[in-house]
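No experiment lies behind these values; they were computed from the predicted model shown.
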Amino acid sequence: MAPIALETEDHSRDAAFNKAMHGKSAEAKGGFRSMLNKDRDAHKAASEEYFKHWDNKLASAETVEIREARKAEYATLTRHYYNLATDIYEYGWCTSFHFCRFAYGEGFYQAIARHEHYLAHMMGLREGMKVLDVGCGVGGPAREIAKFAGVNIVGLNNNDYQIDRATRYAAKEGLSQQMSFTKGDFMHMSFPSESFDAVYAIEATVHAPSLEGIYSQIFRVLKPGGVFGVYEWLMTEAYDNDNAHHREVRLGIEQGDGISNMVKISEGLEAMKAAGFQMELNEDLADRADARPWYYPLDGDLRMAGSIGDVLTIARMTKVGRFCAHNAIGGFEKLGLIPKGTKKTADSLAHAADCIVAGGKEKLFTPMYLMIGRKPRV
């Protein structure tokens with residue numbers, strides 16, 4: 001692997017920016033309520049810093065240099081993406097920022113939890129184990145897995161606002177003694193070597209500029225015999241970078257999801273091997289013949305909803321639901337209730353949703369390539 005230049009961490013700078021932009025909004029219920037309490041100037045700075053990587057950079061004109069520029073600022077890109085998108089995620093999805101499979105008649109939140117339980121089960125997580133959640137978001141999966149498996153979890157995140165949200169949720173659910181959250185860049189973790197019994201990542205390591213780099217860090221902090229489980233975002237082997245439509249799908253997903261460099265399944269498998277893991281299981285769960293496709297909540301077919309309650313939940317994520325929500329956001333911007341640029345972020349997420357659906361239907365993309373690897377005992 002060619003050396004990857006890593007960004008220099010500055011926790012004091014990030015904490016100051018978090019305080020300036022988000023203030024006390026981490027204490028709000030979430031979604032629209034949190035959007036009302038942002039500093040306009042800080043929000044503008046985050047928006048400009050993020051969208052400089054995407055504005056006027058079409059898939060048809062993408063170059064190696066443009067992709068390398070995004071990779072060089074992977075940590076800043078990801079941090080500001082979540083400064084902009086976290087509240088929208090919580091409003092439009094839930095506090096577990098990931099996709100899942102759907103069984104017949106299964107409700108949305110039940111399916112989300114089952115997806116988390118399945119990973120914990122396949123990894124063999126047991127009560128009392130010390131587990132690292134890499135890229136923990138606002139802690140939705142960590143809370144569920146802590147309750148399901150009885151493990152003690154450390155969540156790693158490079159976004160201060162999400163850490164504040166995760167800490168609040170853990171305290172609310174009485175889990176503060178079972179889980180904690182740490183600020184850091186997962187490309188150069190501050191944990192001592194051989195610190196954890198297990199490590200998992202749910203649709204998070206895709207933000208890394210190099211999968212081999214992040215997997216190698218995970219390998220280092222695992223104890224000998226420890227297990228690593230990941231649901232990875234990858235382009236399938238059907239993806240052809242010389243195909244203009246394929247590039248548009250991939251770039252749309254990357255822009256709307258804060259990703260600097262998404263790669264193919266074969267590269268993900270090679271990265272696990274290069275990091276030193278013994279592969280115990282690998283499978284694209286998106287290829288399972290499920291009752292409903294994993295992307296159905298974004299596809300707008302309410303007939304697939306598992307319950308009346310799900311109709312209300314999924315309605316927010318359909319094209320019509322997104323249109324209404326985004327126009328409401330635009331109206332709030334004009335009234336000065338939320339910062340200008342919030343709608344731009346929402347529109348970017350909506351375009352990514354359309355590209356995700358296209359990638360799923362055309363078998364170009366998977367958000368749930370499961371890999372279970374073990375660190376050798378010797």
Side-chain angles (χ1 to χ4, degrees), residues 53-54 59 67 70-71 74-75 77-78 81-82 85-86 89 93 96-101 112 115-116 118-119 133-137 140-141 156-159 186-187 199-215 218 228-241 246-272 275 281-288 293-299 348-349 351-373:
H53 292 288
W54 314 102
R67 290 183 69 76
R70 291 202 297 266
K71 289 168 62 176
Y74 68 94
L77 183 152
T78 303
Y81 171 74
Y82 285 112
T86 294
Y89 270 44
W93 198 255
S96 289
F97 300 165
H98 63 79
F99 291 99
C100 63
R101 297 168 55 212
I112 287 284
H115 199 60
E116 296 159 358
Y118 184 76
L119 180 62
D133 179 337
V134 176
C136 63
L156 179 65
N157 197 319
N158 85 333
N159 182 277
F186 56 26
M187 291 298 291
V199 180
Y200 70 83
I202 298 179
E203 302 185 23
T205 45
V206 67
H207 293 295
S210 160
L211 289 183
E212 183 181 338
I214 177 59
Y215 294 168
I218 291 168
F228 169 46
V230 58
Y231 289 135
E232 193 63 82
W233 279 33
L234 293 165
M235 304 307 293
T236 70
E237 297 309 303
Y239 173 80
D240 178 5
N241 201 55
H246 289 193
R247 283 203 311 277
E248 288 175 359
V249 168
R250 191 253 306 151
L251 189 64
I253 296 172
E254 289 177 336
Q255 174 179 338
D257 292 286
I259 300 167
S260 65
N261 182 52
M262 192 154 52
V263 299
K264 296 171 74 169
I265 289 172
S266 56
E267 294 177 61
L269 293 171
E270 182 57 35
M272 285 284 282
L281 173 66
N282 62 283
E283 179 189 0
D284 186 0
L285 297 183
D287 282 341
R288 293 279 187 98
W294 59 266
Y295 52 78
Y296 102 83
L298 300 179
D299 197 27
S348 179
L349 267 65
H351 177 61
D354 293 337
C355 290
I356 284 170
V357 171
K361 288 183 174 180
E362 298 172 37
K363 301 293 185 181
L364 300 175
F365 163 75
T366 175
M368 53 184 71
Y369 195 87
L370 173 63
M371 293 184 283
I372 306 290

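Looking at heavy atoms from C-beta onward, Asn261 lies out of side-chain contact with Arg70 at the 4.5 angstrom threshold. Within the 4.5 Å cutoff, the side chain of Ile112 has heavy atoms near those of the Glu116 side chain. Counting only heavy atoms from C-beta outward, the side chains of Leu251 and Trp54 approach each other to under 4.5 Å. Considering only heavy atoms from C-beta on, Leu298 stays 4.5 Å or farther from Asp354 through its side chain.
Here the CD atom belonging to Glu270 is positioned 9.5 Å from the CD atom belonging to Glu267, to the nearest 0.5 angstrom. Separation of atoms CZ (Arg67) and CG (Asn241) is listed at 7.0 Å; rounding is to 0.5 Å. Note: Tyr239 OH to Thr366 OG1 = 15.5 Å, rounded to the nearest 0.5 Å. Atom NZ in Lys361 sits 13.5 Å away from atom CD1 in Ile356 (nearest 0.5 Å). The CD atom of Glu254 sits 10.5 Å away from atom SG of Cys355, with the distance rounded to the nearest 0.5 Å. Rounding to the nearest 0.5 Å gives a distance of 13.0 Å between CG of Leu234 and CG of Leu364.
Judged purely by atom type and a 3.5 angstrom limit, Gln255 has no side-chain atom pairing as donor or acceptor with the backbone of Ser348. The backbone N or O of Asp240 lies less than 3.5 Å from a partner atom in the side chain of His246, making a donor-acceptor pair. Panel note: side chain Asn157, backbone Gly137; a donor-acceptor pair is recorded below 3.5 Å. Looking at Asn158, its side chain does come within 3.5 Å of a backbone N or O of Ala75 through a donor-acceptor pair. In this structure a side-chain-to-backbone donor-acceptor pair under 3.5 Å is missing from Tyr369 to Met235. A donor-acceptor pair is defined here as one N or O able to donate and one able to accept, closer than 3.5 Å; no such pair exists between the side chain of Lys363 and the backbone of Thr236.
In this structure, Trp93 and His98 approach most closely via the heavy-atom pair NE1-O, 2.9 Å. Pairing each heavy atom of Ser260 with each of Pro209, the nearest pair is OG-CA, 4.0 Å. Contact between Gly140 and Ser96 at its shortest, heavy atoms only, is C-OG, 3.4 Å. Contact detail for Tyr89 and Tyr81: the closest heavy-atom pair is OH-OH, 2.5 Å. Shortest non-hydrogen contact noted between Met371 and Gly268 is SD-O, 4.0 Å. Thr205 and Val230 make their closest contact through OG1-CG2, 3.7 Å (heavy atoms, listed as atom of the first residue, atom of the second, distance).
Here Glu232 pairs with nothing under the salt bridge (Lys or Arg N to Asp or Glu O under 4.0 Å) rule; sequence neighbours left out.
Taking the six-membered ring for Trp and the full ring otherwise, the centers of His207 and Tyr82 sit less than 6.0 Å from each other. Taking the six-membered ring for Trp and the full ring otherwise, Tyr231 and Phe99 have centroids separated by 6.0 Å or more.
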Note to self: Could you walk me through whether Met272 and Asn282 satisfy the side chain to side chain contact (heavy atoms under 4.5 Å, CB included) test, starting with their C-alpha distance in whole Å, then the side-chain angles of each, then the deciding distance to 0.1 Å, before giving a yes or no?
What the structure shows: CA-CA 11 Å; Met272 285 284 282; Asn282 62 283; over 6 Å; no
Next item on the list: Just do the side chain to side chain contact (heavy atoms under 4.5 Å, CB included) check on Trp294 and Arg288 with the steps written out, would you?
Entry: CA-CA 10 Å; Trp294 59 266; Arg288 293 279 187 98; over 6 Å; no
Next item on the list: Verify side chain to side chain contact (heavy atoms under 4.5 Å, CB included) between Ile372 and Leu119, making sure each step is shown before the conclusion.
Entry: CA-CA 9 Å; Ile372 306 290; Leu119 180 62; 4.1 Å; yes
